[in-house]
Amino acid sequence: MTATTATSPPRTRTSLRGRVSDLLASRPKLLALVLVLPPLLWLGLVYIGSLLALLLQSFYSIDEFTGLVVPEFGLSSYRELLAPANMDIIVRTVTMAALVTLASGVLAFPIAYYAARYAKGRTKAAFYLLIMLPLWSSYLVRVYAWKLILAKEGVLTWAAEETGTLPLLDGILGLPVIGGPSLSVSYIGTFIVFVYLWIPYMILPIQAALERVPRSYLEASADLGARPAETFRTVVLPLAMPGVVAGSIFTFSLTLGDYIAPQIVGPSTYFLGQVVYVQQGTAGNIPLAAAFSVVPIAIMAVYLTVAKRMGAFDAL
Amino acid sequence: MSERASFLLKLMAGAGLLFLHLPLAFIVLYAFSTEEKSYQFPPPGYTTRWFAVAWERQDIWAALTLSVQVALIATALALVLGTLAAGALARTRFFGREAISLLIVLPIALPGIVTGISLRSAFAIADIPFSFWTIVLGHATFCIVVVYNNAVARLRRTSPSLIEASMDLGADSFQTFRHVVLPNLATSLLAGGMLAFALSFDEVIVTTFTAGQQTTLPIWMLTELIRPRQRPVTNVVAVFVMAVTFIPILAAYYLTRDTADVAGSGK
């Protein structure tokens, strides 16, 4: 080590490699620019380019006789979007997304609350893993699991028989609109699958928000005479709200765009994502598919603006 | 505020976790069922023969090979691009920094179907035929963020004095990167790479738009789910896919668990 300090290298290098190295070391902004260029080019070309292509396609139309895309600017795809049948699909999807978000919030809160407040050490690590594993594990397998469970001859019917609650299950299936021949082909089934799929996205931000609530706030609230329920309602819940809103961004957005879960578990009526898929595929109507997929983008843009106002981004 | 959770809270938290995990147990159970035609529960009998049947199926092997190839190349691309982006954005402040970090997250923040149909329209406009590379293109795009998240968290915690010390001792920028920065990043890159692999291996929504007639393993599964041909074989593949995605996720967790930035908290 002493030898290297004694023969300290010259500060300026003359080789090309040395000069490039010196230039980058002395100009951090230049270094950042050089580093960011490849990913920026990739995302700019592939991703932004594609989004623009999507937007462009949405203004094209399809020739009704030849079935070919007419590359002329117009609003016919958007006009088609307003047809009652298509509006139904949009309303149905948004309603589902709202209900799924609500249910995920209610179910996720106790898990997040326990993980943030009471779980310590190994339990906390276990909680983290148990929440994270489903988040990353196979999406298709998780949808498929519910096809098995909700099938007419499946687990749920068996459980209802064993517990003598079969009349209740039949009663639920007999309900108009949301019922059906079996849960796996009803809206209730689709709803359960969505909640199951997206709930980890709701737990993590709520947990993060709750972990930032200082314990002293709760003690202060108790000292001032609030009962635990009051403390929860007036201190904990408001402070957790940004986390809930942050989680709802995911549950809402993911439900809006999903087209696979309702295809596997649910009735044969379409959700937004399915129309996009069918229009671009078998129907070959990319302009209408593009216009349809602008809908979730627009809805999410509004949603994100509101969420930002509520401070949801600090909780991410 | 009491230090112990109330029974009701414990019950709800426990039930919630059960809700998250119990369904996967049924997948494993069904892979051993002797019943072929329905999802009958409880299964009338148990057998391991479906594993042998699945092993013999050429279509599954072909789909698996394609999925692994796509995931490997997409992960490699994401590793390079994600690390570069992290290096640029971790410490230096410059104009457009916020916009770039948003751009990196966007492919995963927007619904997958938007990414999918966007790529599909771009391929249509540019007359690019579907190929192996169109799948890779889509996968690499949404995998960048995973590597980026892991690398940027590690870089922010690495002290800049390490780099200064290396430079003071006479190393040039490249040597410093090779001998100081890279070893520091190694585990976070490994974790990010594994998560990216798991994400790509399992991806189906974007892939259906970029694959054309090609069949990756998730697309094979999707086809079977919509039009079941041999349900028990699908169950076996589902168990296999579950195992293949669990392993890298757990590995990524253990690689980074001692640090403040645990991999996987943001997808």
Trainee: Answer with yes or no whether the side chains of B:T245 and A:W136 bring together a donor and an acceptor at under 3.5 Å.
Mentor: no
Trainee: Check whether A:Q280 gets within reach of chain B through its side chain, its backbone, both or neither, counting any heavy atom under 4.5 Å.
Mentor: both
Trainee: Can you check whether B:L81 reaches A:P38 side chain to side chain, under 4.5 Å on heavy atoms?
Mentor: yes
Trainee: By a 4.5 Å heavy-atom criterion (distance strictly below it), what part of B:Y30 contacts chain A: side chain, backbone, both, or neither?
Mentor: side chain
Trainee: Is it the side chain or the backbone of A:F127 that comes within 4.5 Å of chain B heavy atoms, both, or neither?
Mentor: side chain
Trainee: Ring centroids only, cut at 6.0 angstrom: are B:F142 and A:Y47 within range, meaning strictly under it?
Mentor: no
Trainee: Let me know if A:L51 has heavy atoms under 4.5 Å from chain B in its side chain, its backbone, both or neither.
Mentor: both
Trainee: Can a donor-acceptor pair be found, under 3.5 Å and without considering hydrogens, that links the side chain of A:S21 to the backbone of B:S173?
Mentor: yes
Trainee: Taking side chain as everything from C-beta outward and backbone as N, CA, C, O, which of these in A:A115 sits under 4.5 Å from a heavy atom of chain B? Side chain, backbone, both or neither.
Mentor: neither
Trainee: Check A:Y118 against B:L9 and note the closest heavy-atom contact, atom names and distance.
Mentor: CE1-CD2, 3.4 Å
Trainee: Going by the angle between their ring planes, with limits at 30° and 60°, are A:W146 and B:F19 parallel, tilted or perpendicular?
Mentor: tilted
Trainee: Identify which part of A:I264 has an atom lying under 4.5 Å from any heavy atom of chain B, answering side chain, backbone, both or neither.
Mentor: side chain
Trainee: Between the main-chain N or O of A:E153 and the side-chain N or O of B:Y39, is there a donor-acceptor pair closer than 3.5 Å?
Mentor: no
Trainee: Side chain, backbone, both or neither: which part of A:L197 has a non-hydrogen atom closer than 4.5 Å to chain B?
Mentor: neither
Trainee: For the backbone of A:Y139 and the side chain of B:D202, can you confirm whether one donor and one acceptor N or O come within less than 3.5 Å of each other?
Mentor: yes
Trainee: When only pairs under 4.5 Å are counted, which of B:L8, B:V204, B:V241 shares the most heavy-atom pairs with chain A?
Mentor: B:V204
Trainee: What heavy-atom pair brings A:W42 and B:I144 nearest, and what distance separates the two atoms?
Mentor: CD1-CD1, 3.8 Å
Trainee: Which atom pair, heavy atoms only, marks the closest approach of B:I113 to A:G273?
Mentor: CD1-O, 3.2 Å
